[in-house]
Amino acid sequence: MDIDTADVSKAPTSQLDGSELVVVSNRQPYKFGYDETGAVTVDRPAGGLTAGLDPVVQRTGGTWVAWSDGEADDEVTNEDRRVGVPPDDPTYELDLLSLSEDEVEGYYYGYSNQVLWPMCHGGIWQTEFKERYYEVYKQVNRSFADAVIERASDGSVVWFQDYHLACAPQYVRMACPDAFLMHFWHITWPGWDTFRSLPHREAILSGLLGNDLIGFHTDRYRTNFLDCVDRALEEAAVDEEAGTVRYRDRTIAVRSFPLGVNANAIARTAELISNERRRDLAQQYGIPTSGRVALGVDRLDYTKGIPERIEALEHLWERRPKWQKELTYVQKAVESRSVIPKYQDLQDRVDESIARVNDRFGTNDWQPIIRIDEFLPRNELIGLYRLGDVMLVSALRDGMNLVAKEYVTAHVDNEGVLVLSDQTGAHDELGDDAVTINPHNAKRFAEAIEKALTMPEVEQRRRMKRLRQHVSTYDLDAWMADIFEMVARLHADLDSVVND
Ligand code: ADQ
């Protein structure tokens, strides 16, 4: 049994007050495939948001609409492409949307990941604006909206996730004027000077303003969004202090809700990992148990600052040779969006820099950088977190960064130091007790790694304790409770307007 996923979220859902919940996301919470014998397999949500939301929808019942990208989806779904989940004891319906190759290319790899993703992270030079991408994005958003409209009624609560679905809320709004629509935007929202580069900026904002509630991780993104609305849409009236937009005779609330992790489950799993198991894990990957370990856990994405991190480590081993043979860096990477050329370039850059550093400093009995590419079950990932004396999170820009929070949560013994980029949403919450870095400055970054490695134990423990306290208080349940409480308040306001 996977200990982490066995613990369901305790977030209250009573605020939904009997309304049907419809969750809409690009990725599905259960993925159906085949094993080598041809039998159907089910990949359950392992971590992050999908794992947290699934138990909530299990309790409320309802529908989850997502892109059908599982090999066995045709076999497990009915004629309407629906399947009850969890498969062993279904409590809600998964509604799977089939997309053609052209749609996947235009909507997912195109507009979502080569326009909105780089633009929102401030990389306007990384974007590939193609009108075709936008046309397909709208068309797929329309299909998601149609699937929602089929299920939703005026009393429903519809919850959109992320940047893949910016146009869908306005489409749903037109068909269901009285449904409660909300959206959580998981990535950064840039300032106006960046956002104004987007050729379809008005349409993207207008699509999102079909919602009643829009959530961001931090106040900064919320303020950026309100500023962009104010400047781009003449007909919108923004009240920055109240956090509202008046648009097309409706009021939209815009709030920040910093996402947390399933802290209790991670901590419990971490407690159950024996020293022996940790030693086995280290042995399995050739991680020395005598010296110190720095750890990086990322999707292979150019926003995560992996080459910058390797450069800082190289700087450290070069300028401070005492760390050679003493500090080993472990990079747990997971391949991502690799059909996009910029992601292939990044993979090449990471491969080359790891090879260069290992060539330069490696000896017969020591490899400076160990790379783990294979899939690790959740409890092994938590075991790996515990092996890290120092965690290096060096994102160039990151909406939140849950890896930082997971690392902290796993350090139940209060040992370990978090080195954290000030360009992450997580830094707004954890910056005081982490060692702060700017990922672009290799020299300072190297100094910060050394500071983390030499931090007196008392200070380490003091900082880690505070970090853990924060992360366990503002965990995934607290995030969901805050959001549902806001839904209930806004619902009540809407009711009073209707009854007046
Ligand atoms: P991501 O960019 O994917 O998410 P992150 O928050 O760091 O970034 O990770 C999400 C989840 O993926 C975590 O639960 C983590 O354990 C897992 N993960 C990451 N790398 C992994 C690896 N190599 N192996 C196994 N698991 C790995 C987007 C935004 C973030 C935001 C999240 C949630 O870009 O800024 O924090 O959504 O809102």
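Ligands are counted one by one from 1 in listed order, and the atoms in each one are counted from 1 as well. What you see below is based on every heavy atom in this structure, not just the backbone, and it leaves out hydrogens, waters and symmetry mates.
Set against the non-hydrogen atoms of Val297, the atoms of ligand 1 under 4.0 Å away are 20 (N), 21 (C), 22 (C), 23 (N). Heavy-atom contacts of Gly399 reach the following atoms of ligand 1: 35 (O) (cutoff under 4.0 Å). The contact set between ligand 1 and Leu259, taken as ligand atoms under 4.0 Å from a residue heavy atom, comprises 33 (C), 38 (O). Counting the atoms of ligand 1 from 1 in the order shown, those under 4.0 Å from a heavy atom of Leu402 are 5 (P), 6 (O), 7 (O), 33 (C), 36 (O). Those atoms of ligand 1 that come under 4.0 Å of a heavy atom in Arg299, given as number and element, are 1 (P), 2 (O), 3 (O), 20 (N).
In this structure a side-chain-to-backbone donor-acceptor pair under 3.5 Å is missing from Lys31 to Ala72. The backbone N or O of Glu406 lies less than 3.5 Å from no partner atom in the side chain of Tyr385, so there is not a single donor-acceptor pair. The backbone N or O of Ser336 lies less than 3.5 Å from no partner atom in the side chain of Arg299, so there is not a single donor-acceptor pair.
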ring-ring contact (aromatic ring centres under 6.0 Å, His included), that's the test. Do Trp189 and Phe195 meet it? Break it down for me. CA-CA 8 Å; Trp189 191 280; Phe195 185 72; 5.1 Å; yes
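Under 4.0 angstrom from ligand 1, the non-hydrogen atoms of Asp298 all belong to its backbone. The part of Trp117 lying near ligand 1 is the side chain, judged by heavy-atom distances below 4.0 Å. At a 4.0 Å heavy-atom cut-off, ligand 1 touches Ala333 through the backbone alone.
Taking the six-membered ring for Trp, Trp67 and Tyr108 have ring centres closer than 6.0 Å. Taking the six-membered ring where the residue is Trp, the centroids of Trp64 and Tyr30 are separated by 6.0 Å or more.
Distances between N or O atoms of Met400 and those of ligand 1 include at least one value under 3.5 Å. At a 3.5 angstrom cut-off on N or O pairs, Leu381 does not count as close to ligand 1. Checking only distances, His121 never comes within under 3.5 Å of ligand 1, N or O to N or O. Inclusion of Ile187 in the set of residues having an N or O under 3.5 Å from an N or O of ligand 1 is not warranted.
At least one side-chain heavy atom of Asn141 sits under 4.5 Å from a side-chain heavy atom of Tyr107.
Closest approach of Val293 and Ile287 over heavy atoms only: CG2-CG2, 3.6 Å.
When the options Val334, Thr303, Ile266, Val261 are ranked by their closest heavy atom to atom 22 (C) of ligand 1, first place goes to Val334. Nearest residue to atom 24 (N) of ligand 1 from Lys304, Gln161, Lys332 is Lys332 (criterion: closest heavy atom). Within the set Glu406, His186, Glu335, the minimum heavy-atom distance to atom 28 (C) of ligand 1 is found for His186.
Contacts of His200 classified as ring pair (Phe, Tyr, Trp, His ring centres under 6.0 Å), with partners at least two apart in sequence or in another chain: Tyr111, Tyr134. Judged as a ring pair (Phe, Tyr, Trp, His ring centres under 6.0 Å), and not counting sequence neighbours, the contacts of Trp479 are Trp159, Phe184.
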